[in-house]
Amino acid sequence: MLRRLKKESNELRQKRITQRRLNVVFIAVMTLMTLLILRLGYLQIVKSEDYKKAVASNENIVINESVPRGRIYDRNGKLLVDNTAKKSITYTRGRMTTTGELLDTAKKLSRVIDMPTDKLTEMDKQTYFIQTHPELVRKLMKKESEQFQNEMITQEQYDKLLYQKIAPRVQLSRKELEVAAIYREMSAGSQLTPQTIKNDHVTEKEYALVSQNLAQLPGVNTTMDWDRKYLYGSTLRTLFGKVTSKEEGLPKDNVDYYLARGYARNDRVGQSYLEYEYEDVLRGRKKKMRYVTDKSGQITNSEIIDPGSRGNDLVLSIDIDLQQKIEKMIDKHIAILRSEGAKTMDKVLVVVQDPNNGDVLALAGRQIEPNGKISDYHYGTFTSQYAVGSSVKGATLLTGYHQHAIKLNEEMVDEPMSFAGGMTKRSYFNQDGKVTINDKEALMHSSNVYMFKTALKIAGTNYSQGMTLPKDISAAGRILRTGMNQFGLGVKTGIDLPNEVVGQSGKLTDNAGNYLDLAIGQYDTYTPLQLSQYISTIANDGSRIAPHVVKEIRTPSKTQTLGPVKEVINGKVLNKINSTPAEIKQVKSGFNMVFNQIEGTGYNSFHDTIVQSAGKTGTAEVFQNGESRVNATYIGYAPMDKPEISFSIIYSNQPVPPPWLPGGDLGKDIINSYFSTKK
């Protein structure tokens, strides 16, 4: 009995102990749950805003870094413009970086690199001095500070007075100047945007020392930068164009335009010609970095999320070998002409293109100073304009056919023409007699009279000795000019380059003599490229095609080879001339006679080209420094039956008279060189 009671008592005691333990555990759990709920409430309610700010401070920030531009190749895959790598030291400013921190980092960096100081301005030196001498500033500006606090002077007035007082006191050692130069570059950058501190002549030692001390140089980094490299020296250098430097950054007059398109202020962009015209193609996809910052704005981590890639490549229609050969030919012919007495000649310009698709194969030019110095002037082929003379006579005839003013094979008498008032007009080949010729022969002899009479017929009148010219010739002038325009003469050619000029067109209202001169290329002015488009339009039987220097856009490759084709640029047909095939054939037949008949004005130079060619010559009387000069022009295409190339050549300001000078031999050399190389 006692044993049973004792056993029951032990069981009850054990149950009480277990119950107490359970109660303790329950209380502990409830206490922890209560504390957890209270903590969560505290975090969600009391600290909510703080943590939102912390999350915002630690957000991922994507910053674009510059990458090399696309390469430029010639039509045969020869590399013309590349990028050359160079070491660079950069600085990325944090969101909350103070001026003191900037100065501290600049001083540390100055111990491991030699920083050029030649770009420091007096204002830069004064700004640095002000930042490093705060006590002196407070002492000097005590009165002005009170005035500023009391709103008696503006911030601008305060700053002006400060710099005036500081200027005489600024004395910096060589080392301080280096720190100031580094500080200048650091402070110029935007927050979280890499700013180049030094990328010219960074030595291996400097690069290594900076790399080894990055932990002590917050925001500083070592990377690779690039510069444009021109593998053919000065050849076509202007055509390729310029790229702004890091110091220049975005052009001042277009900053808003570029910023709206995602550029940074210190980004380099195309500034002229191809680099400018194809900026969107060449600029590339920027490297993207993710920066993580703490709530103080300091960068705590970074990673590359997109390595980016250099820009797409351009494949030009230019044949660089042909380009260089033509430049050498021009130099040779300049020497020949000057030895023959052409001392006043100041420019030689050449355009060679494929008349069937608008491909520009070569743009070459030379400018000759009075002292005989010769400089490159290839861009003058579309940025300078000239009276071109009889080369335009094919367009005059085709306009006459279209207006039903003349018929195919129509004969007229070439004779000295006299008008009321004493004005006389004549052809060079026939000064005094009367010669009956047809339209093709008019081209062969380069008859001015035939063109004058055609122009009068377009104006609705026939020539008679001593006649009075119409007073109002404006309507006929518009018709003749429109006829010229449809070939590209006097209008933009549509080339994919900026700065093209259209030439000059004078008034014709009260001067019928000017209208007659227009018919023989003696009044309006044209560019060598317009002449090339004109002869190409006739060569391809009537399609005016926009010339272009870019043939293809290619995606970038990781090797020196060309990447896949992204876009093919074909010549755009701007218009079809309003001439029948028979009319075009008639003019082409006349052009054949110019080069291949012994009486033709181009026979001496072109009759023995290795493939038969056709074309037209011209001379235009001009004035230089009050003295009479002549522009000599040559246009043509080859082979005659199925043209593969067309060309235009202008020699400006040759002495009078020039006919025996061998200017046309340059055209012959171009044809022979092109087809012998092809063969």
Side-chain angles (χ1 to χ4, degrees), residues 65-86 224-243 267-288 306-327 351-354 356-364 378 494-498 545-572 644-645 673-674 677-679:
E65 289 190 357
S66 179
V67 292
R69 292 172 76 81
R71 297 175 180 141
I72 301 177
Y73 296 82
D74 91 329
R75 67 184 296 111
N76 299 312
K78 293 189 176 182
L79 187 58
L80 306 177
V81 182
D82 199 0
N83 304 295
T84 180
K86 61 179 184 178
M224 298 303 294
D225 204 348
W226 54 270
D227 265 340
R228 279 310 220 184
K229 180 180 180 182
Y230 303 93
L231 284 82
Y232 285 81
S234 61
T235 301
L236 294 178
R237 179 66 186 80
T238 300
L239 181 76
F240 299 143
K242 292 181 180 179
V243 179
D267 277 348
R268 282 173 284 181
V269 297
Q271 203 171 15
S272 61
Y273 294 104
L274 282 175
E275 295 278 14
Y276 171 82
E277 192 73 14
Y278 286 90
E279 167 65 22
D280 289 342
V281 175
L282 292 167
R283 67 179 287 199
R285 190 179 77 252
K286 287 187 175 182
K287 175 182 177 182
K288 292 185 178 180
D306 183 352
S309 66
R310 64 179 175 82
N312 292 310
D313 298 332
L314 298 182
V315 178
L316 305 187
S317 59
I318 299 286
D319 183 330
I320 194 63
D321 291 335
L322 179 64
Q323 175 75 27
Q324 290 190 314
K325 286 178 182 177
I326 291 175
E327 288 178 347
V351 178
V352 181
Q353 68 175 98
D354 184 333
N356 303 298
N357 57 23
D359 282 2
V360 176
L361 305 177
L363 293 172
H378 64 273
I495 193 169
D496 52 343
L497 290 170
I545 302 174
H548 53 93
V549 295
V550 175
K551 186 177 178 66
E552 293 173 346
I553 297 173
R554 299 261 190 155
T555 55
S557 68
K558 295 182 179 180
T559 66
Q560 290 296 320
T561 58
L562 282 165
V565 175
K566 185 176 182 179
E567 182 182 350
V568 176
I569 299 175
N570 295 311
K572 179 183 178 182
E644 295 178 30
I645 66 166
S673 175
Y674 179 85
T677 301
K678 180 179 177 181
K679 184 176 180 181

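Residue numbers start at 1 and run along the sequence shown.
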_I need the minimum non-hydrogen distance between A546 and G494, along with the two atoms involved._
CB-O, 3.8 Å
_Looking at every heavy atom in both V360 and P547, which two are closest together, and how far apart are they?_
CG2-CB, 3.8 Å
*Considering residues at least two apart in sequence or located in another chain, which fulfil the side-chain contact (heavy atoms from CB on, under 4.5 Å) criterion with I545?*
N540, S543, V573
*If you look at every heavy atom in Y273 and L239, which pair is closest and at what distance?*
CB-O, 3.1 Å
*For K86, all residues meeting side-chain contact (heavy atoms from CB on, under 4.5 Å), sequence neighbours excluded*: N199, D200, D225, D227
*asked:* Checking L231 now: which residues fulfil side-chain contact (heavy atoms from CB on, under 4.5 Å) with it, not counting sequence neighbours?
replied: L79, D82, K229
_Set of residues satisfying side chain to side chain donor-acceptor pair (under 3.5 Å) with respect to Q324, sequence neighbours excluded_ = none
*Residues in side chain to side chain donor-acceptor pair (under 3.5 Å) contact with R228, at least two apart in sequence or another chain*: N83, E275
_Checking side-chain polar atoms at under 3.5 Å, does Y278 have a donor or acceptor matched by the opposite partner on D496?_
yes
*For D354, enumerate each residue passing the salt bridge (Lys or Arg N to Asp or Glu O under 4.0 Å) test, keeping only those at least two apart in sequence or located in another chain.*
none
*Hey, could you give me each pair passing side chain to side chain donor-acceptor pair (under 3.5 Å) that has a residue in residues 232-242? Not counting sequence neighbours.*
Y230-R237
*Rounded to the nearest 0.5 Å, what separation is found between the NZ atom of K551 and the CD1 atom of I318?*
11.5 Å
*salt bridge (Lys or Arg N to Asp or Glu O under 4.0 Å) involving E567 - partner list, sequence neighbours excluded*: none
*asked:* So S317 and V550, do their side chains get closer than 4.5 Å, heavy atoms only?
replied: no
*What heavy-atom pair brings N357 and H548 nearest, and what distance separates the two atoms?*
O-NE2, 3.1 Å
_Taking salt bridge (Lys or Arg N to Asp or Glu O under 4.0 Å) as the definition, give me every residue that meets it alongside D313, ordered by chain and number, with sequence neighbours left out._
R310
*Any salt bridge (charged side-chain N to carboxylate O under 4.0 Å, His left out) pairs touching residues 314-325, not counting sequence neighbours?*
K78-D321
*Kindly give the heavy-atom pair with the smallest separation between G270 and R69, and that separation in Å.*
N-NH2, 3.7 Å
*Once you round to the nearest 0.5 Å, how far does CD1 of I320 lie from CZ of R75?*
12.5 Å
*Are the side chain of T555 and the backbone N or O of K566 linked by a donor-acceptor pair below 3.5 Å?*
no
_Residue from D359, L497, L314, L236 passing side-chain contact (heavy atoms from CB on, under 4.5 Å) with V549_ = L497
*asked:* According to side chain to side chain donor-acceptor pair (under 3.5 Å), who are the partners of D74, at least two apart in sequence or on a separate chain?
replied: none
*Looking at residues at least two apart in the chain, or sitting in another chain, which of them share a salt bridge (Lys or Arg N to Asp or Glu O under 4.0 Å) with E552?*
R554
*Can you see which heavy atom on A364 is nearest to which on E327, and at what distance?*
CB-CG, 4.2 Å
*Looking at CD1 of I72 and CZ of F240, how far apart are the two atoms once the value is rounded to the nearest 0.5 Å?*
6.0 Å
_I'd like to know if the side chain of H378 and the backbone of A362 have a donor-acceptor N/O pair within less than 3.5 Å._
no
*Would you check, one step at a time, whether the test side chain to side chain contact (heavy atoms under 4.5 Å, CB included) holds for V81 with L274?*
CA-CA 11 Å; V81 182; L274 282 175; over 6 Å; no
